[in-house]
K.L.:
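First the structure, then my questions, so here it is.
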Amino acid sequence: MKIKVIDVSKKIKKNIILDNINLEFNSGKVYGLVGKNGSGKTMLLRALSGLMHIDEGKIMLDDRILHKDFPVMPGIGITIENAGLYPEFTGFNNLKILAKINNRIGNNEIRSAMERVGLDPDDKRTVRKYSLGMKQKIVIAQAIMEKPDILFLDEPTNALDTAGVGLVRNIIMEEKRRGAIIVLASHNKTDIELLADEIIYIENGKIKEGTYEYINYVYIMRMYGYNWNNGNSDRSGIQEKLF
Amino acid sequence: MKAQIALCIVPTGFGILSGYITRYNKEVFLSDIILNSSFYDMAVNFDYLYQFAVRMALFIAFNLIFGVYIYKNFCTASVYVFSRNSNRTWWFLKQCIHVVFYGIVYMLLNLTGTLVITMIMHVTIKIDAGAWQLLILYFLIYTLWLYITTIMINILAMYTNSASSFAIVSGIQLLLISLLGLFNTVFPIETNPDPERNIKMMLANPMAHLILGWHDNVFEAADNVKMVFNITIDIKYTMVYFIVLAALITITGIISVNRYDVIISDHETGGN
């Protein structure tokens, strides 16, 4: 499975949000999406998923075109920073409501997804009463519960404690081994260092190579022992040792 | 909170209706009750129109409860709902069917409440010949109106927020009611020996169609009730008008949900 992003641009109220983006994502790889706040990371994830229409260019899944052959990217799991679930329902019921949209999975799969992220499926508390970390975990559970072929994760380790961060990193690696395409937007350099096979640096809606921030990022990555090669590097050997 | 407000408003509505029923001593025809529930004794002077606006609270309560029924999916969990939703048109139509269903249930609850209050007041309800026909017309017209206004609130909320959209649609309804006052002074109907032209003008105002007592066909059905005012609207015209409005609002909704970019996750909190 391959996602190809070809000359994608998007403007919102005359502001250029995405500027002539060209990218390629392949199965079984984790792509680290990095950049400053407001650089366009989340917007790129929204465009890739089909939640947002693009003004120019096209996004292809194999030989099919998004918004032409299908309205949203099929078989995706997504987490977006600040987007929550229904606060008046329990975690389990939230996932049940979402699972009902496509009717692909039942209660057992929902329970298993919750247990995978370290939540109790029988917890009777509503999501409103969840801690920030628990809210983050339930959002990750909804993303992985249907075993999607594509995962778009926006800051998945935010608000998590050390154990939670480890749990989520393990999940990302498990999903990668399962063959999913994973795009991971994160400010957490360790997440990117440990998990990403390739790094994409975005600035003002443009994919950047050669800017000060990009070179700085490369420098920091090298300090972590990242084997840099034109922004792309195969790190599967290191990951296999770590996970 | 909204449910609590509605719980207060619905009994208030029953109270308002029961106030009109107390005029009957020992027995009342079902057609009377239906006509009372649909503003039977309405005239185009401002005293009556004020009462019309107050009694509309019962229907605006439905707008308040179900004005977020579809829109709530565009709030906090929008990303997770629409990333799974491959056919927004079908999804929207299903939500619309739910609103129609709840509209019918709401109308039934209100009518049941009115009947119970009537019986508690020891007034015997007699089912007259045209009552069932009248009941069907009442349900059709009011359910369509509830549908039109509620879907309108849901669509507007996608572009503004739930409070603003509710205020806009309720405001439009109240403005339309007050505009009926023009037919008392500027374009008189009741005191006009030839009111046909003015009645035709009034037909553009949808609120006029909610007053079953202004439909001449209704009185052919309810043979126990006499027509009060010199205003006659054909019920077929009302049905076509409301069905066209409902179709237009549904098409607008389909276009809106399909074009909607899930960028702002929650208009209520400003979350992105």
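Note that the structure is a prediction, hence the values are computed from the model and not measured. What's counted below: heavy atoms across the whole structure, side chains too, no hydrogens, waters or symmetry copies. Below, chain A is the first sequence line, B the second, and so on; all start at residue 1.
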K.L.:
Taking heavy atoms only and a threshold strictly under 4.5 Å, list by residue number the residues of residues 87-95 of chain B that touch chain A; give 'none' if the list is empty.
P.N.:
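When heavy atoms of chain A are the reference, residues 87-95 of chain B contributes B:Arg88 within the under-4.5 Å range.
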K.L.:
Between A:Leu51 and B:Ser83, which heavy-atom pair has the shortest distance, and what is it?
P.N.:
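Answer, listing the atom of A:Leu51 first, then B:Ser83: CD2-N, 3.6 Å.
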K.L.:
Are more than 12 heavy atoms from other residues, nucleotides or ligands located less than 6.0 Å from atom NZ of A:Lys96?
P.N.:
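No, NZ of A:Lys96 has 12 or fewer neighbouring heavy atoms, counting only those of other groups under 6.0 Å.
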K.L.:
If you take all heavy atoms of B:Ser86 and A:Pro71, which pair is closest and at what distance?
P.N.:
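Residues B:Ser86 and A:Pro71, closest heavy atoms: O-CG, 2.7 Å.
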K.L.:
How close do A:Tyr86 and B:Lys72 get, heavy atom to heavy atom, and via which atoms?
P.N.:
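Heavy atoms only, the tightest pair is CE2-O, 4.4 Å.
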K.L.:
For the CZ atom on B:Phe101, are there more than 12 heavy atoms of other groups (residues, nucleotides or ligands in this structure) within a distance under 6.0 Å?
P.N.:
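No, not enclosed.
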K.L.:
Where do A:Val72 and B:Phe82 come nearest, in terms of heavy atoms and distance?
P.N.:
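Between these two residues, the closest heavy atoms are CG1-O, 3.3 Å.
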K.L.:
With only heavy atoms counted, which part of A:Ile97 is less than 4.5 Å from chain B, the side chain, the backbone, both or neither?
P.N.:
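Contact with chain B involves no heavy atom of A:Ile97 at all.
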K.L.:
Of the non-hydrogen atoms in B:Thr76 and A:Leu85, which two are nearest, and what is the gap between them?
P.N.:
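Minimum heavy-atom separation between B:Thr76 and A:Leu85: CG2-O, 3.1 Å.
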K.L.:
Quick check: closest heavy atoms across A:Leu98 and B:Arg84, and the distance to 0.1 Å?
P.N.:
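Closest approach of A:Leu98 to B:Arg84: O-CD, 3.4 Å.
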K.L.:
Nearest 0.5 Å please: distance from the CD1 atom of A:Ile80 over to the OH atom of B:Tyr80.
P.N.:
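The OH atom of B:Tyr80 is 6.5 Å from CD1 of A:Ile80, to the nearest 0.5 Å.
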K.L.:
Between A:Lys10 and B:Asp261, does the side-chain contact (heavy atoms from CB on, under 4.5 Å) criterion hold? Intermediate values first, please.
P.N.:
CA-CA 12 Å; A:Lys10 170 79 179 176; B:Asp261 280 344; 2.9 Å; yes
K.L.:
Counting only heavy atoms not in B:Tyr237 (residues, nucleotides, ligands), do more than 12 fall under 6.0 Å from its OH?
P.N.:
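Yes, enclosed.
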K.L.:
Taking atom CG of A:Asn204 as the centre, report whether more than 12 heavy atoms of other residues, nucleotides or ligands fall under 6.0 Å from it.
P.N.:
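Check fails, neighbour count at 12 or below.
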